[in-house]
Asks: 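The structure that follows is given in the form of C-alpha cells.
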Amino acid sequence: MKRYSAFAIAREAASYHEGWEKAWASPEPKARYDVIVVGAGGHGLATAYYLGKNHGVRNVAVIEKGWLGGGNTGRNTTIIRSNYLQDPSAAIFEKARSLYDGLSQDLNYNVMFSPRGCLMLAQSEHEARGWKRTAAANVLQGIDTEYVDAKRVKEIVPIINIDGPRYPVLGALWQKRGGTARHDAVAWGYARACSAMGIDIIQQCEVTAVRQKAGKVTGIETTKGAIDCGKLAIVVAGHSGVLAEMAGFRLPIESVALQALVSEPIKPVIDTVVMANTVHGYMSQSDKGELVIGGGADGFNNYTQRGSFQHVEDTIRALIETFPIISRLKMLRQWGGIVDMTGDRSPILSKTPLGNCFINCGWGTGGFKAIPGSGWAMAELVAKGEPGPLAAEFGLDRFGAGRFVDESVAAGVAH
Ligand code: FAD
Ligand code: PYC
C-alpha cells in the first residue's frame with residue numbers, strides 16, 4: 001500500500017487525484033482464520049492491528065455487521081483524557097492517551113489528535129472534593145492533571161459563566177494533554193493499517209451464531225456463511241450481551257442509549273473540552289465550527305441508535321446557565337449510540353468460559369479515548385491466552401470476587 005505523504009499529494013495532484021488506491025480491501029471471507037474479531041469499531045480494529053503488529057498474528061478477520069466505525073466509534077463526542085481514579089484504569093487510559101500522541105505517524109493516517117486540554121468542572125462542594133482527590137491520585141499514578149480554581153477556569157474558557165445561580169463553577173480538574181481526535185479517522189486509520197498487513201475486514205456480514213465443540217469455539221455462522229477460527233474475540237460494545245448469549249454465557253452488562261448533538265457551525269469560541277457532569281452536559285468545538293454537545297445516558301435499557309427531544313431539551317437547558325452564549329444557537333443534528341455499562345463502570349477485557357474465546361466490552365460512555373490502549377491489551381490477551389498487566393484487573397472474575405474497579409465518578413458522563 002502506498003504511503004500517504006505531502007509528496008504523494010503533490011504526485012496525485014498531477015494526475016487529477018485519480019490514482020489513489022482504495023484505503024482498505026473488501027475481501028470475501030476465507031474458510032478459516034487463526035483469529036476472528038467480531039466488531040469493526042475502534043476496539044475491534046485496534047485489536048486486529050496490534051495482533052498483527054505486536055504479535056505477528058496476521059491470519060485475522062474482522063467481521064462487521066454494518067460498516068466499519070458505524071457503531072459507537074463513529075457516534076461519540078471524541079473526548080480523550082486519562083484522569084481516572086483507580087490505578088488500573090489510569091494505566092490503560094494513559095497508555096491509550098500516550099499512543100494517541102503518535103498514532104497518526106504510526107498508522108500513516110491523520111487521526112487529527114488535538115491535545116487541546118480537558119476541564120471537568122466542579123459545580124458543587126462534593127464534586128470539588130472528588131476532583132481534588134482524583135488530582136492527588138493522578139500525581140501518584142504519574143498522570144499530568146491538576147485541580148484549578150474558578151478564576152483559572154475562566155482564563156482557560158472565557159465564554160464560561162462561573163457565577164451561575166444554581167451551579168456556580170468552583171474549580172475544575174484540568175488535564176492539559178487531554179483533548180479530541182477525529183473518531184472516523186481513528187477507525188479508518190486502523191482499518192487501512194490492518195488491510196496493509198493482510199488482515200481481512202469483512203463488512204455487511206452479521207455474526208448469527210457461535211459454533212463450539214467440547215467447551216471451545218470452532219467458528220461462527222454469519223450472513224456470508226460459516227467461518228472457522230482458532231480463537232474468537234468478541235468486541236461489539238452495546239451488542240456484547242447478544243453475542244455472549246450466542247456463545248452461551250452471560251455478562252454483567254446493560255445496554256442503554258447515549259445521545260449527542262451538534263449546533264450550527266460558528267466562529268471559534270472555545271478551544272478546549274469542558275465537561276459539566278453535575279448538570280449532565282459537555283461541550284467542545286469541532287474543526288468545522290459546530291459545538292459538539294453531549295448529555296447523560298438514558299435511564300432505561302434499550303437498543304435505539306437515535307436521539308430524543310427530551311435529551312436535547314434537558315442537556316441544553318442544563319448547559320445554558322454555564323454557557324449562556326449557546327442559548328440562541330440552532331441545533332443541527334442529534335444521534336445516539338448503544339453503550340455497554342458494567343456495574344463498576346469499568347471495562348471487561350477477559351477470558352470467557354469458552355477456552356479460546358475472549359471478550360472486550362463494558363467501555364460504556366467512555367471507550368473512544370481508550371481505543372489504542374484497549375486494542376494493545378486485548379491483542380496481548382488473545383495472542384498469549386492470558387492478560388498482560390494492562391488487562392489483568394479487568395477480568396470477568398472480578399464480579400464474582402467483588403474486586404470492583406469503581407469508576408462511577410471518573411467515568412465522566414452521568415449515568
Ligand atoms: P463500536 O464502535 O460500537 O463497535 C462495535 C461494532 O460491533 C459495531 O460496528 C457493530 O455494528 C458491530 N456488531 C455488533 N453486533 C454484531 C454482530 N452480530 N456481527 C458483526 N458485527 C457486530 N467515549 C469517549 O472516550 N469519549 C467521548 O467523548 C465519548 N462520547 C460518546 C458519545 C456518545 C453519544 C456515545 C454513544 C458514546 C461515547 N463514547 C465516548 C463511548 C465510545 O463511543 C465507546 O465506548 C466506543 O466507541 C466503543 O467502541 P467499540 O469499538 O467497542 O464499539
Ligand atoms: O468519557 O470523557 C468521556 C466522555 C465524554 C463524553 C462522553 N464520554
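Scope of the values below: all heavy atoms of this structure, side chains included, with no hydrogens, waters or symmetry mates. Note that the structure is predicted; figures quoted are calculated from it, not measured.
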Asks: Check the pair Ser408, Asp344 against side chain to side chain donor-acceptor pair (under 3.5 Å), reporting the backbone distance first and the verdict last.
Replies: CA-CA 6 Å; Ser408 36; Asp344 61 1; over 6 Å; no
Asks: So, is the end of the Arg97 side chain (NZ or CZ) under 6.0 Å from the ring centre of Phe113 and within 45° of the ring's axis?
Replies: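 No cation-pi geometry.
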Asks: When rounded to the nearest 0.5 angstrom, what is the spacing between NZ in Lys288 and CG in Leu332?
Replies: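 Interatomic distance, Lys288 NZ to Leu332 CG, rounded to 0.5 Å: 8.5 Å.
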Asks: Between the side chains of Tyr49 and Asp106, does any donor sit under 3.5 Å from an acceptor?
Replies: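 Note: Tyr49 and Asp106 side chains meet the donor-acceptor criterion.
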Asks: Going by atom types only, do Ser114 and Arg116 share a side-chain donor-acceptor pair under 3.5 Å?
Replies: yes
Asks: Enter the distance from Leu243:CG to Ile359:CD1 here, rounded to the nearest 0.5 Å.
Replies: 7.0 Å
Asks: Let me know which of Lys369, Gln175, Arg177 forms a side chain to side chain donor-acceptor pair (under 3.5 Å) with Ser82.
Replies: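 When Lys369, Gln175, Arg177 are each tested with Ser82, the side chain to side chain donor-acceptor pair (under 3.5 Å) holds only for Gln175.
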Asks: Measure from the side-chain N and O atoms of Lys224 to the backbone N and O of Gln203, and report whether any donor-acceptor pair falls under 3.5 Å.
Replies: yes
Asks: Just checking, is any N or O donor in the side chain of Ser89 or Glu407 under 3.5 Å from an acceptor N or O on the other one?
Replies: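 Side-chain D/A pair, Ser89 to Glu407: present.
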Asks: Do the ring planes of Phe394 and Trp363 sit parallel (below 30°), tilted (30 to 60°) or perpendicular (above 60°)?
Replies: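 Taking Trp363 first and then Phe394, their aromatic rings sit tilted (interplane angle of 30° to 60°).
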Asks: Can you see whether His183 engages Thr78 through a side-chain donor-acceptor pair at a distance of less than 3.5 angstrom?
Replies: no
Asks: What I'd like to find out is whether the side chain of Cys361 reaches to under 4.5 Å of the side chain of Val236, using heavy atoms alone.
Replies: no
Asks: Check whether any side-chain heavy atom of Thr322 sits under 4.5 Å from a side-chain heavy atom of Met283, and report yes or no.
Replies: no
Asks: Out of Arg211, Arg32, Lys30, which one pairs with Asp228 under the side chain to side chain donor-acceptor pair (under 3.5 Å) rule?
Replies: Arg211
Asks: Pairs in or reaching into residues 206-261: which pass ring pair (Phe, Tyr, Trp, His ring centres under 6.0 Å), with residues at least two apart or in two chains?
Replies: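 Passing the test, one end in residues 206-261: His239-Tyr303.
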Asks: Over 60° means perpendicular and under 30° means parallel, so tell me whether Tyr4 and Trp20 are parallel, tilted or perpendicular.
Replies: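 Perpendicular.
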Asks: Asp34 and Lys231: salt bridge (charged side-chain N to carboxylate O under 4.0 Å, His left out), yes or no, with the steps?
Replies: CA-CA 6 Å; Asp34 292 340; Lys231 293 179 180 178; over 6 Å; no
Asks: Any heavy-atom pair between the side chains of Tyr84 and Ile92 that's under 4.5 Å?
Replies: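 Result no, sub-4.5 Å side-chain heavy-atom pair not found.
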Asks: Consider only side-chain N and O atoms of Thr222 and Glu206, and report whether a donor and an acceptor are under 3.5 Å apart.
Replies: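 No donor-acceptor contact under 3.5 Å links the two side chains.
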Asks: Taking the side chain as every heavy atom from C-beta outward, state whether Tyr100 and Val186 have any atom pair closer than 4.5 Å.
Replies: yes
